[in-house]
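Sequential numbering from 1 along the given sequence is applied to the chain's residues.
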Amino acid sequence: MTISNRGAPEALCRILLVEDDEEISAMVIEMLRENGLDAVSVGSALAMDAAMKKQSFDLVVLDAMLPGEDGFSICRRLRASSTIPIVMLTALGDEINRIVGIELGADDYVSKPFHPRELLARIKGLLRRASYAADQRSQQAPMRFAGWQIDPILRQLKNPDGVHVSMTTAEFDVLLAFCQNPRRVMTREQLLRLTHAGLASPVERSIDVHISRVRQKIEQNVREPSFIKTVRLGGYMFTPMVEGC
């Protein structure tokens with residue numbers, strides 16, 4: 001369940017599609033392969049587990065409604081042990097399920113029925129965010145705030161005790177955006193641009209959900225956060241001093 005590090009963000013990337021609708025599955029697999037991505041399709045949680053034991057994948061496309069263990073349960077289980085990017089497929093207009101998916105750790109979602117190019121854009125956007133080019137790596141040093149350390153290269157967060165804190169791709173990008181812009185009021189639109197580059201039609205509310213999840217991991221008191229402050233009619237502000245920014 002590890003994320004491969006292959007240099008170019010999309011070069012030889014391997015995608016796992018968990019979808020029980022054979023027609024949708026065939027369409028998505030064909031589209032991904034035509035665009036240079038290695039794609040495998042399975043129709044259930046059991047088949048997904050078997051596939052992940054045999055090989056590593058760079059991203060999972062996960063249908064919310066599956067026979068047996070549903071997509072939300074799978075998402076929660078994957079996120080408990082892996083930072084692999086996850087795109088959820090949900091029913092059109094099902095806002096509650098989309099937000100639930102993000103709260104459980106999904107990085108993005110696409111509503112059914114969807115245009116294949118939209119799904120492709122979101123997959124490529126996540127792959128770009130999960131992989132840094134060599135020239136970018138040389139320019140980004142670890143940063144510290146209040147004893148915490150965030151490493152843009154290794155994409156790791158360590159608490160003041162030096163313990164690694166697991167984060168999704170989206171959560172890491174949100175925290176990194178704050179660390180790169182400390183003590184500035186950041187609107188939702190600015191955060192979307194910084195963390196969803198290349199994605200089609202990002203949803204404002206998803207930023208609130210990701211920020212809520214980041215708070216749960218770095219704040220001592222989530223109800224009265226001291227690091228990420230909500231600014232009335234403005235957005236959010238990251239209050240700590242950041243070293244190395």
Do [X] and [Y] touch side chain to side chain, with heavy atoms closer than 4.5 Å?
X: R79; Y: I86; answer: yes
X: V40; Y: I15; answer: no
X: D173; Y: R155; answer: yes
X: F172; Y: V214; answer: no
X: P160; Y: W148; answer: yes
X: Y236; Y: D208; answer: yes

Rounded to the nearest 0.5 Å, how far apart are CE of M186 and CG of L191?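 With rounding to 0.5 Å, CE (M186) is 4.5 Å from CG (L191).
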
Out of the candidates V242, I211, I218, only one should pair with F178 under the side chain to side chain contact (heavy atoms under 4.5 Å, CB included) rule; please name it.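 Testing each of V242, I211, I218 against F178, the sole residue satisfying side chain to side chain contact (heavy atoms under 4.5 Å, CB included) is I211.
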
For residues 20-29, dump all side-chain donor-acceptor pairs below 3.5 Å to protein atoms at least two apart in sequence or in another chain.
{"unit_1": "D21", "atom_1": "OD1", "unit_2": "E23", "atom_2": "N", "d": "3.0"}
{"unit_1": "D21", "atom_1": "OD1", "unit_2": "I24", "atom_2": "N", "d": "3.1"}
{"unit_1": "S25", "atom_1": "OG", "unit_2": "S41", "atom_2": "OG", "d": "2.4"}

With no hydrogens and no angle check, is any side-chain donor or acceptor of R213 less than 3.5 Å from a backbone partner on Q216?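 No.
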
What are the two closest non-hydrogen atoms of P85 and T169, and how far apart are they?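 Reported closest heavy-atom pair: CG-OG1, 3.5 Å.
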
What are the two closest non-hydrogen atoms of R144 and Q149, and how far apart are they?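 Taking every non-hydrogen atom into account, NH2-OE1, 2.7 Å.
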
